[in-house]
Amino acid sequence: MLQTLAAGGCAALLPATALAQPQAAARPATGARTDILVGRSSALSGPMAPFLQPLHEAHEAAIEDFNAQGGIGGRKVRLVTLDDGFDPKRTLENARRLVEQDGVVALFAQAGTSQVLALLPYLERSRTPLISVYTGSPALHAAASPWLFTTSASYADEIGQIVRNLVSIQSTRIGIVHENNDFGRSTLPLVEQAIAAEGATVAGVQAMDSSGKNATEAARALAAAQPQAVVMLAAGPPVVAYVRAHHAHLVVPLYTLSLGAGAQVIRSLGSDARGLAVARTTPPPRRATTQITRDFQASMKQRGLEPDYDRFRAYLDARALLEGLRGQPGPPPPEPTSPAPWRASGGSTWEATSTASALASGTARATWTSR
């Protein structure tokens with residue numbers, strides 16, 4: 001769905017098809033030998049850490065709840081987390097350590113287009129599945145890796161809905177501001193293609209540094225092009241910088257992707273978040289219309305956490321992971337006497353017959369299968 005933000009809340013526009021303190025250090029693998037280990041490399045430090053922290057909290061909540069209910073055949077699932085500072089080089093180094101030293105059976109919840117692209121060759125070489133990523137970049141779909149399993153809508157899905165909505169309200173001159181990195185550059189053509197497909201016009205395009213330092217210049221340049229709306233392709237710190245610059249220099253609607261307006265961004269913007277329209281890829285987290293939504297709300301309440309969109313998406317991703325682990329045919333995998341016991345026995349891979357959205361609707365099913 002698309003949402004427009006108002007002071008103190010969100011109002012739905014139309015249906016779509018489809019952060020707290022950073023942690024300071026990596027978490028050691030302290031689980032018992034019978035634990036099933038899953039690896040996560042993420043930014044626990046650096047500028048992106050506060051924006052990812054709500055996701056981490058929801059992952060851990062879902063896994064704690066699962067273990068409290070007995071885990072898998074009495075065995076607990078443990079998340080082994082290493083800090084990559086949102087640096088693709090460190091992401092790859094962490095993956096090697098997690099697989100080759102810690103013996104994780106899968107990697108999970110990698111954020112960042114550049115980070116996931118850096119991992120793809122290693123996933124193939126090590127025959128390691130990566131479950132759930134926080135990017136919908138077309139570059140990942142083009143790579144067609146059999147070891148990468150996404151759990152939500154692609155950027156193309158979100159962008160198509162955004163542009164259709166704009167055209168439906170007669171906003172046909174559309175400006176684009178994009179982060180000047182792999183994510184922004186690979187996503188820009190999707191917006192241009194969607195605009196052309198809907199018979200609209202690109203009014204102007206501006207690149208923005210990932211720090212947001214040139215946000216004001218980008219907003220001024222777009223204002224000179226006189227767009228009727230602007231689509232922003234950015235995540236983290238530059239979102240805050242550009243939204244404020246946009247309000248100062250333009251008086252047209254501003255739309256962004258689901259990952260561009262997380263809870264930490266909204267908190268940082270305060271009243272400046274008013275009017276920002278956001279594509280959403282999950283059901284509303286506060287509407288207890290499904291069992292998994294009720295589970296999520298109860299889990300967040302137990303931990304004193306806000307049941308927001310960021311945490312709901314991450315909770316769904318963790319539940320998809322856990323359903324896949326539970327769906328492994330046969331008895332639970334052996335104790336980790338080799339680095340990758342599930343892969344060692346014939347090259348096990350992830351077969352997901354659902355997505356996080358299907359989980360939310362109660363129709364999810366996911367299993368491991370051997371190739």
Side-chain angles (χ1 to χ4, degrees), residues 2-5 19 43 46-48 50-51 86 111-114 134-139 155-156 158-163 165-167 169 171-196 198 200-262 264-279:
L2 292 175
Q3 293 195 322
T4 183
L5 302 184
L19 285 160
M48 283 297 294
F51 298 91
F86 213 62
T113 300
S114 299
Y134 296 109
T135 171
S137 170
Y155 290 153
E158 296 187 39
I159 289 165
Q161 189 63 39
I162 287 172
V163 173
N165 184 73
L166 286 172
V167 171
I169 58 174
S171 294
T172 57
R173 282 182 50 79
I174 303 171
I176 308 168
V177 59
H178 68 90
E179 201 169 339
N180 195 16
N181 59 11
D182 286 342
F183 154 57
R185 289 188 295 268
S186 66
T187 310
L188 172 62
L190 296 181
V191 185
E192 294 171 327
Q193 291 162 16
I195 290 171
E198 295 297 325
T201 304
V202 175
V205 177
Q206 290 296 314
M208 179 173 56
D209 188 84
S210 292
S211 68
K213 64 183 180 181
N214 64 331
T216 297
E217 290 83 350
R220 285 174 176 163
L222 282 176
Q226 298 184 326
Q228 295 172 311
V230 172
V231 175
M232 174 177 57
L233 308 174
V239 174
V240 177
Y242 181 77
V243 171
R244 288 179 172 154
H246 184 93
H247 287 328
H249 298 284
L250 294 100
V251 289
V252 299
L254 176 62
Y255 284 63
T256 194
L257 304 175
S258 57
L259 290 177
Q264 181 63 24
V265 167
I266 302 307
R267 282 194 294 270
S268 297
L269 283 170
S271 62
D272 287 333
R274 185 189 297 272
L276 176 62
V278 185

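Fair warning: this is a prediction, and the values are worked out from it, not measured in the lab. Any value given below was found using the heavy atoms of this structure, including those in side chains, with hydrogens, waters and symmetry copies removed. In this chain, numbering begins with 1 at the start of the sequence shown.
Between L190 atom CG and I162 atom CD1 the span is 11.0 Å, to the nearest 0.5 Å. Between I159 atom CD1 and Q193 atom CD the span is 9.0 Å, to the nearest 0.5 Å. Note that the CZ atom of R274 and the CD1 atom of I266 stand 12.5 Å from one another [nearest 0.5 Å]. Within the model, atoms NE2 of H249 and CZ of R220 stand 4.5 Å from one another, a figure rounded to the nearest 0.5 Å. M208 CE to M232 CE: the interatomic distance, rounded to the nearest 0.5 Å, is 7.0 Å. Note that CZ of R173 is 11.0 Å distant from CD1 of I195, once rounded to the nearest 0.5 Å.
Considering only heavy atoms from C-beta on, Y255 stays 4.5 Å or farther from L276 through its side chain. You'll find the side chain of E192 reaches within 4.5 Å of the side chain of I176, heavy atoms only. Contact check for I174 versus L166: side-chain heavy atoms found under the 4.5 Å cut-off. Using a 4.5 Å heavy-atom threshold, the side chains of V243 and T256 count as separate. Within the 4.5 Å cutoff, no side-chain heavy atoms of T187 are placed close to those of H178. Using a 4.5 Å heavy-atom cutoff, the side chains of E217 and N214 are in contact. A heavy-atom distance below 4.5 Å is found between the side chains of H246 and V252.
Here the shortest heavy-atom pairing between T172 and A200 reads O-CB, 3.3 Å. Scanning all heavy atoms of the two residues, the minimum distance from L233 to G184 falls at CD1-O, 4.3 Å. The two residues A219 and L250 make their nearest non-hydrogen contact at O-CD1, 3.3 Å. Closest approach of P253 to Q228, counting heavy atoms only: CD-O, 3.2 Å. N181 and S210 get closest at one heavy-atom pair: ND2-OG, 3.5 Å. Here the closest heavy-atom approach between residue Y155 and residue Y134 is recorded as OH-O, 4.4 Å.
Every side-chain hydrogen bond (donor to acceptor under 3.5 Å, both in side chains) that S114 has, sequence neighbours left out, goes to D182.
Within a 6.0 Å sphere centred on CD of Q226, other residues, nucleotides and ligands contribute 12 heavy atoms or fewer.
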Output, in order, the C-alpha distance, side-chain angles, deciding distance and verdict of side chain to side chain contact (heavy atoms under 4.5 Å, CB included) for Y242 and V177. CA-CA 9 Å; Y242 181 77; V177 59; 3.8 Å; yes
Candidate pair D209 and N180, rule side chain to side chain contact (heavy atoms under 4.5 Å, CB included), full reasoning: CA-CA 5 Å; D209 188 84; N180 195 16; 5.9 Å; no
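Under the 3.5 Å distance criterion, the side-chain polar atoms of T201 are left unmatched by any main-chain donor or acceptor of A203.
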